[in-house]
Amino acid sequence: MILTSGKKQLSLEFPQIMGILNVTPDSFSDGGKHTQIDKALSHAQKLVEQGASIIDIGGESTRPGANDVLLDEELVRVVPVIERIKQELDCWISIDTSKAEVMTAAVNAGADIINDVRALREDGALTAAVNANVPVCLMHMKGQPRSMQVAPNYQNVVHDVREFLIQRTEQCISAGIKPNNIIIDLGFGFGKSLQHNFDLLNATDQFLTLGFPILTGVSRKSMFGQLLNRDINSRLAGSLAGAVIAMQQGSKIIRVHDVAETVDVMKVLQQVNTFK
Ligand code: YH5
């Protein structure tokens with residue numbers, strides 16, 4: 001399996017590590033505009049040196065309970081950072097957004113992948129992604145970030161998420177997204193209880209038959225906080241265990257904060273070839 005974006009190619013024979021770069025004010029609030037861009041660039045540089053082949057840039061907080069970010073603010077946060085990373089680093093750039101205007105501006109600035117936790121369901125997003133003609137990650141989310149963690153329920157979480165992804169990938173293909181440009185994501189923590197998250201993680205291999213590469217994002221999420229009673233900065237071991245399970249079940253892109261450690265885990269698995 002190979003991803004293509006413009007002239008670039010990324011092999012998915014072995015899992016690729018996607019490093020998370022938050023450009024929300026909570027992460028880079030001190031200093032002026034240039035300091036913020038410099039800080040984002042140096043963090044991205046560190047992630048690439050540690051072995052990330054993709055940097056996922058997000059300017060909207062989709063953590064449970066988060067408020068919506070205004071369009072202009074999101075554009076001002078992400079576009080200059082994409083331009084700088086494009087100039088300075090050798091990596092793929094992914095834009096974590098749900099807004100059509102941000103998708104278009106980000107791809108024009110050099111983003112290689114559109115990563116949308118709302119699976120292109122916002123106004124204009126599907127058209128923007130078709131026109132951008134780059135790989136897109138379609139994620140399952142039940143409800144909206146503000147309320148999604150209030151008593152999420154499913155008849156059968158694996159079946160329901162799988163059906164959603166089948167339907168949504170079909171709709172996107174009908175609208176003009178190329179099948180080879182689709183990545184799917186089970187959406188850990190987005191409208192799921194602790195049990196839902198682990199049921200889904202353990203069913204990752206059941207999504208391989210859809211025929212699209214699977215992206216997994218469990219890094220530092222509440223599923224480990226709840227299970228292990230750890231705060232957000234003490235979830236590394238849990239997150240690595242989650243990455244092992246995802247990779248062994250065939251996930252090809254692992255979205256993480258802790259790149260160096262996840263690359264080590266991937267290389268150990270590579271030696272015993274436990275990838276599907
Ligand atoms: C994802 O899974 N997640 S943003 C809460 C946390 C820790 C981390 C409470 N964008 C995903 O990373 N894109 C986000 O602790 C994503 N898949 C894809 N494709 C949320 C996040 C986080 C939230």
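Indexing begins at 1, ligand by ligand and atom by atom, following the structure's order. Reckoned from all heavy atoms, side chains included, excluding hydrogens, waters and symmetry mates.
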Hey, which atoms in ligand 1 end up nearer than 4.0 Å to a heavy atom of Gly217?
2 (O)
Looking at ligand 1, does any of its N/O atoms fall within less than 3.5 Å of an N/O of Asn115?
yes
Side chains of Val256 and Ile17: closer than 4.5 Å at any heavy-atom pair?
yes
Taking only Lys NZ, Arg NE, NH1 and NH2, and the carboxylate oxygens of Asp or Glu, determine whether Lys142 and Asp160 approach each other closer than 4.0 Å.
no
For Arg235, the ligand 1 atoms with a heavy-atom partner under 4.0 Å come out as 9 (C), 15 (O)
Report yes or no: does Asn108 contribute a side-chain atom to a donor-acceptor pair with the main-chain N or O of Thr104 at less than 3.5 Å?
yes
Record the part of Thr216 in heavy-atom contact with ligand 1 below 4.0 Å; permitted values are side chain, backbone, both and neither.
neither
Look at atom 22 (C) of ligand 1 and find which of Lys221, Gln149, His140, Met139 reaches it with the closest heavy atom.
Lys221
Hey, is Asp72 close enough to Arg77 for a salt bridge, meaning N to O under 4.0 Å?
no
Asn229, CG: over 12 other non-hydrogen atoms inside 6.0 angstrom
no
Using ring centroids (six-membered ring only for Trp), state whether Phe190 and His140 fall under 6.0 Å.
no
Please list, in number order, the atoms of ligand 1 under 4.0 Å from a heavy atom of Cys137.
19 (N)
When you look for heavy atoms under 4.0 Å from ligand 1, do you find them on the side chain of Val117, its backbone, both, or neither?
side chain
Say whether His257, considering both its backbone and side-chain N or O atoms, lies within less than 3.5 Å of an N or O atom on ligand 1.
no
Single-linkage hydrophobic cluster, 4.5 Å side-chain cutoff, Leu3 and Phe212 together
no
With nothing but distance in play, are any N or O atoms of Asp56 less than 3.5 Å from an N or O of ligand 1?
no
Which of the numbered atoms in ligand 1 are under 4.0 angstrom from any heavy atom belonging to Arg220?
6 (C), 7 (C), 15 (O)
Please work out which of Gly189, Ser219, Ser239 has its closest non-hydrogen atom nearest to atom 8 (C) of ligand 1.
Ser219
Considering the heavy atoms of Ser222, write down every atom of ligand 1 situated less than 4.0 Å from one of them.
9 (C)
Would Glu163 and Arg168 pass as an ion pair if we require N to O under 4.0 Å?
no
